[in-house]
Amino acid sequence: VQLQASGGGLVQPGGSLRLSCAASGNFFSINTMNWYRQAPGKQREVVATITSGGSTNYTDSVKGRFTISRDNAKNTVYLQMNSLKPEDTAVYYCNGDIVRITVYGRFQRTYWGQGTLVTVSS
């Protein structure tokens, strides 16, 4: 199972970016998916969460600016980022709680995608 994140880049303050994270491999389903970010010299923090049913949650600093969504048919989670600020500059990571069913039973574990760099600067 792999998660592949994409969509990062350089954007001016006030601009927008859309991150994508696609899961591939042999699995049964994906439960909660998250976007995290880690700015230079800071700890990784959760940015947005979406459950399998579509319920969402955001850290206070991005509420009203970022939108997390998912396409279950494509096993993909998105992060639409609008009104970007320099303080949004960070490496963004996705993760997902992925369920696999084997002859030994049902297993769930968290898989992480590689980071994608978002730089907000003029």
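Contact annotation: the side chain of Met81 never approaches that of Val11 to less than 4.5 Å [non-hydrogen atoms, C-beta and beyond]. Counting heavy atoms from C-beta on, the side chains of Thr67 and Leu79 never come closer than 4.5 Å. In this structure the side chain of Met33 never reaches within 4.5 angstrom of the side chain of Thr49, judged on heavy atoms. Between Trp35 and Ile68 there is a side-chain heavy-atom pair separated by less than 4.5 Å.
Counting heavy-atom neighbours within 6.0 Å of Gln38 CD, excluding the residue itself, gives a total above 12. Sparse packing is recorded around CZ of Phe28, with 12 or fewer heavy atoms of other residues, nucleotides or ligands lying under 6.0 Å away. Counting heavy-atom neighbours within 6.0 Å of Glu87 CD, excluding the residue itself, gives a total above 12.
Under a hydrophobic clustering in which Ile, Leu, Val, Met, Phe, Trp and Tyr are joined whenever their side-chain heavy atoms come within less than 4.5 Å, directly or via other members, Ile50 and Phe27 fall into the same cluster. Tyr111 and Tyr93 fall into different hydrophobic clusters, where Ile, Leu, Val, Met, Phe, Trp and Tyr residues are linked whenever their side-chain heavy atoms come under 4.5 Å apart, directly or through other members.
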Q: List the steps and the verdict of side chain to side chain contact (heavy atoms under 4.5 Å, CB included) for Tyr36 and Val47.
A: CA-CA 5 Å; Tyr36 283 75; Val47 175; 5.6 Å; no

**Q.** Test side chain to side chain contact (heavy atoms under 4.5 Å, CB included) applied to Thr59 and Val46, step by step
**A.** CA-CA 7 Å; Thr59 192; Val46 60; 5.7 Å; no

Q: Would you please test Leu3 and Ile98 for side chain to side chain contact (heavy atoms under 4.5 Å, CB included) and show each step?
A: CA-CA 10 Å; Leu3 294 180; Ile98 294 179; 4.2 Å; yes

**Q.** Steps toward salt bridge (Lys or Arg N to Asp or Glu O under 4.0 Å) verdict (Lys85, Asp88)
**A.** CA-CA 5 Å; Lys85 304 175 181 180; Asp88 294 317; over 6 Å; no

Q.
Checking Glu45 against Arg37 for the side chain to side chain contact (heavy atoms under 4.5 Å, CB included) test, could you report, in this order, the C-alpha distance in whole Å, the side-chain angles of both residues, the deciding distance, and whether it holds?
A. CA-CA 6 Å; Glu45 64 170 348; Arg37 66 184 178 187; 2.7 Å; yes

Which donor-acceptor pairs under 3.5 Å do side chains of residues 114-122 form with protein atoms, sequence neighbours excluded?
unit_1	atom_1	unit_2	atom_2	d
Gln114	OE1	Ala5	N	3.1
Gln114	NE2	Ala5	O	2.7
Thr116	OG1	Gly8	N	3.1

Using a 3.5 Å cut-off and no angle test, enumerate the donor-acceptor pairs between side-chain atoms of residues 13-22 and protein atoms at least two apart in sequence or in another chain.
unit_1	atom_1	unit_2	atom_2	d
Ser16	OG	Asn82	OD1	2.9

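In this structure Gln108 satisfies the side chain to side chain contact (heavy atoms under 4.5 Å, CB included) test together with Asn31, Asp97, Val99, sequence neighbours excluded.
Arg109 contributes atom CZ, which lies 9.0 Å from atom CZ of Arg100 (distance to the nearest 0.5 angstrom). A distance of 8.0 Å separates CD1 in Ile30 from OG1 in Thr76, rounded to the nearest 0.5 Å.
When atom types are taken as modelled, the side chain of Arg70 and the backbone of Thr51 share a donor-acceptor pair closer than 3.5 angstrom.
The shortest non-hydrogen separation linking Tyr92 to Ala90 is CD1-O, 3.4 Å. Of all non-hydrogen atoms in Phe66 and Tyr58, the two that sit nearest each other are O-CE2, 3.3 Å. Arg65 approaches Leu84 most closely through the heavy-atom pair NH1-CA, 3.9 Å.
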